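Below is one structure, written out as structure tokens, with a few remarks after it.
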Number of protein chains: 2
Amino acid sequence: MEHKTPSTGDGDAGEVRGEEPAVTLDARVGRIVRQTLADQVYGDLKELLLSGRAAPGERFTLRGLAAAIGTSAMPVREAVSRLVAENALEVLPNRAVRVPLMSRARFAELRLIRTSLEGLAAATAAREATDDEIAEVIRCERAFAAERDKKKPDGAAAMRHNKDLHFALYRAAHLPTLMGMIEGLWLQIGPVLNLDFRAGPERVRQGEAHLHHAQLVAALKARDSDAARDALVADIWSAGDFILSRDVLPD
Amino acid sequence: MEHKTPSTGDGDAGEVRGEEPAVTLDARVGRIVRQTLADQVYGDLKELLLSGRAAPGERFTLRGLAAAIGTSAMPVREAVSRLVAENALEVLPNRAVRVPLMSRARFAELRLIRTSLEGLAAATAAREATDDEIAEVIRCERAFAAERDKKKPDGAAAMRHNKDLHFALYRAAHLPTLMGMIEGLWLQIGPVLNLDFRAGPERVRQGEAHLHHAQLVAALKARDSDAARDALVADIWSAGDFILSRDVLPD
DNA sequence: ATCTGTTATCTGTGATCACACATAGCAGAC
DNA sequence: GTCTGCTATGTGTGATCACAGATAACAGAT
């Protein structure tokens, strides 16, 4: 394989809009986005985990992934080591790398941490969100509800709308580090969440989720941070109960 | 440089104790600890950040570090990319790698997250800790107090005892993932904390810290999780006030 | 003296090679 | 048939090389 140039953007970054006054060109070009191959692979793997297309316990091989993606093993190594650092992947003592198994204890711990962190984000968002951001949350909530009310609801789509709703909310807290940590948590529970959504009759759960979402939206409109936290914690907790009640988790 | 063998432990792992009954050897050898070079470098850098021997804004270079440590650039790359993943280091758009600057906003956000997560750990520890673990926390508290009461207290030593105290507490919560996340947070605030401890007359703060520590210990003995959380949150909050009051943080 | 365009050096990124360890498959002994 | 030891293959890990881009030093023009 020949030496590839590291993909410095698609070239359409400096689109000229023409009717600008002719002071300088500098203000009219968009900032270039640097994307290393490792970043791309990292994003791909992240998406793979978040969307549940990788099952807990599944094994990876660096060379295999590299061949599948079409690069050398090097960018994959870096991406994997990042994901290992955030517990989204793990390396076994035998040096094999896999997506971590989820024990009941680990799931319970993650749920506990999530209530703490995502509750904090929800409470802050109720105080700090702009009206536009609240509107965006409501839009996501509507999309989720619409999917639920369909004759033949698509579990994966509902899942995606649920995720969008949550992250629109967290983004509205304007706390970037907290946001990143929450993303890390979702990366860890992603595999089991989606695995579950794929399999079971989740109708009852969806109903309950919708109730909590409605409470959340009401709390946001009222700028009531305690109510927002409570609604979100209830949502996380009941979703966790649903997973734990079905006996898919080892230990 | 010749090809080095990847340091498979120091060789003293299988120490024979002799008076064992001669059933099998299997039970008498300690499990070997795998330590890749990247792991070692990661540990070293972590220690460097936690102990405050690296100032915010300071620049690294992969080759420079590699030469200093005596390896090739490869293990350093992996260690650095892990630390970047947990926001303990950052790569600038220019591709330079440095220890992140700490703005007032970021510091405030980290303090908020810390109260949430470390408060949770304290509350859980009050419920779940064994008596031995509580004794260990008390031992750390005594060491911290002893350092404070010295004629010529050593700021760095006090800092270390303070850290030991906190982590003994968090370990006692028996929540490994939470523990890891808290470590990540300390990794981020480490540089500024120690930078500060190194510079100022911190006597007033130490007095206040000791008060909160005493409250914490009392709460642990009483198994009062709410009181433990409150004491710890107060500790974090007042330490943060102290840092913010001195005007060392940009923005 | 200040600014601009060029050049030299250095740094991160990716590819490729080399090696130690782990696992699986297989042959031979009991 | 079951177990032991060897071999072959594949894996992660580390070293080394190659290259693109960034920074800084410098020369020339205004």
Side-chain angles (χ1 to χ4, degrees), chain A residues 1-11 13-14 24-26 31-45 58-85 89-99, chain B residues 1-11 13 24-26 31-45 57-85 89-99:
Chain A
M1 182 180 302
E2 80 284 19
H3 197 91
K4 288 210 200 131
T5 137
S7 124
T8 137
D10 293 336
T24 60
L25 268 169
D26 305 0
R31 183 69 74 232
I32 213 166
V33 283
R34 184 170 306 283
Q35 264 286 70
T36 67
L37 274 186
D39 287 335
Q40 278 179 248
V41 177
Y42 175 75
D44 287 358
L45 291 179
E58 195 170 335
R59 298 271 252 281
F60 283 89
T61 120
L62 294 189
R63 284 175 173 86
L65 260 185
I69 302 180
T71 70
S72 88
M74 179 77 26
V76 179
R77 275 168 76 174
E78 190 169 321
V80 165
S81 73
R82 276 192 235 173
L83 289 166
V84 167
L89 293 178
E90 67 179 356
V91 298
L92 303 177
N94 329 332
R95 285 215 198 116
V97 47
R98 71 169 183 195
V99 16
Chain B
M1 181 184 303
E2 81 284 21
H3 196 92
K4 288 212 199 127
T5 135
S7 123
T8 137
D10 292 337
T24 59
L25 267 170
D26 304 1
R31 182 70 74 232
I32 214 166
V33 283
R34 184 170 305 284
Q35 263 286 72
T36 67
L37 274 186
D39 287 336
Q40 278 179 249
V41 176
Y42 176 77
D44 287 358
L45 291 180
E58 197 171 334
R59 298 269 251 282
F60 283 90
T61 126
L62 295 189
R63 284 175 173 87
L65 261 183
I69 302 180
T71 71
S72 89
M74 180 79 22
V76 179
R77 274 168 76 174
E78 190 170 320
V80 165
S81 73
R82 276 192 236 174
L83 288 166
V84 167
L89 293 178
E90 67 177 356
V91 298
L92 303 177
N94 327 334
R95 286 213 198 118
V97 47
R98 71 169 183 194
V99 15

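Protein chains get the first letters and strands the later ones, always in sequence-line order, with residue 1 at the start of each. Note that this is a predicted model, so its numbers are computed, not measured.
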Side-chain contact test, heavy atoms from C-beta onward, threshold under 4.5 Å: evaluate it for [X] versus [Y] and give yes or no.
X: Leu89(B); Y: Arg98(B); answer: no
X: Glu78(A); Y: Val84(B); answer: no
X: Leu83(A); Y: Val80(A); answer: no

Starting at [atom1] of [X] and ending at [atom2] of [N], how long is that distance when rounded to a whole Å?
X: Gln40(A); N: dG14(C); atom1: CD; atom2: C1'; answer: 13 Å
X: Leu62(B); N: dT13(C); atom1: CG; atom2: C1'; answer: 10 Å
X: Met74(B); N: dG12(C); atom1: CE; atom2: C1'; answer: 11 Å
X: Gln35(A); N: dG12(C); atom1: CD; atom2: P; answer: 19 Å
X: Tyr42(A); N: dT13(C); atom1: OH; atom2: C1'; answer: 18 Å
X: Glu90(A); N: dG12(D); atom1: CD; atom2: P; answer: 14 Å
X: Leu65(B); N: dT11(C); atom1: CG; atom2: C1'; answer: 13 Å
X: Leu92(A); N: dC21(C); atom1: CG; atom2: P; answer: 18 Å

Check: residues 58-69 of chain A side-chain donor-acceptor pairs under 3.5 Å, at least two apart:
from, atom 1, to, atom 2, distance (Å)
Glu58(A), OE1, Ala55(A), N, 2.9
Thr61(A), OG1, Arg63(A), N, 3.4
Thr61(A), OG1, Gly64(A), N, 3.0

Side chain of [X] only, please: which of [options] is the nearest?
X: Thr71(A); options: dA15(C), dT11(C), dA15(D); value: dA15(C)
X: Arg63(B); options: dT11(C), dG12(D), dA15(C); value: dT11(C)
X: Thr36(B); options: dT13(D), dG12(D), dG12(C); value: dT13(D)

Original post:
With a non-hydrogen cut-off below 4.0 angstrom, is Ala38(A) in contact with a base, only sugar-phosphate, or nothing?
Top reply: sugar-phosphate
**OP:** Quick one: label Val91(A) by what it contacts on the DNA or RNA (base, sugar-phosphate, nothing), any heavy atom closer than 4.0 Å.
**Re:**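 No contact at all - Val91(A) keeps every heavy atom at 4.0 Å or more from the nucleic acid.
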**OP:** Check step by step if side chain to side chain contact (heavy atoms under 4.5 Å, CB included) holds for Arg82(B) and Arg77(B).
**Re:** CA-CA 9 Å; Arg82(B) 276 192 236 174; Arg77(B) 274 168 76 174; over 6 Å; no
Subject >> For DNA chain D, the residues among residues 76-84 of chain B that have a non-hydrogen atom under 4.0 Å from it >> reply: none
Original post:
Residues in side-chain contact (heavy atoms from CB on, under 4.5 Å) with Asp44(B), at least two apart?
Top reply: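 Asp44(B) satisfies side-chain contact (heavy atoms from CB on, under 4.5 Å) with no other residue.
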Original post:
How do Val97(B) and Ala73(A) order along DNA chain C: which one's closest nucleotide is nearer the 5' end?
Top reply: Val97(B)
Subject >> Residue whose nearest DNA chain C nucleotide is more 5′ - Thr61(B) or Pro75(A) >> reply: Thr61(B)
Subject >> Among Thr36(A), Leu37(A), Val41(A), the one residue meeting side chain to side chain contact (heavy atoms under 4.5 Å, CB included) with Asp39(A) >> reply: Thr36(A)
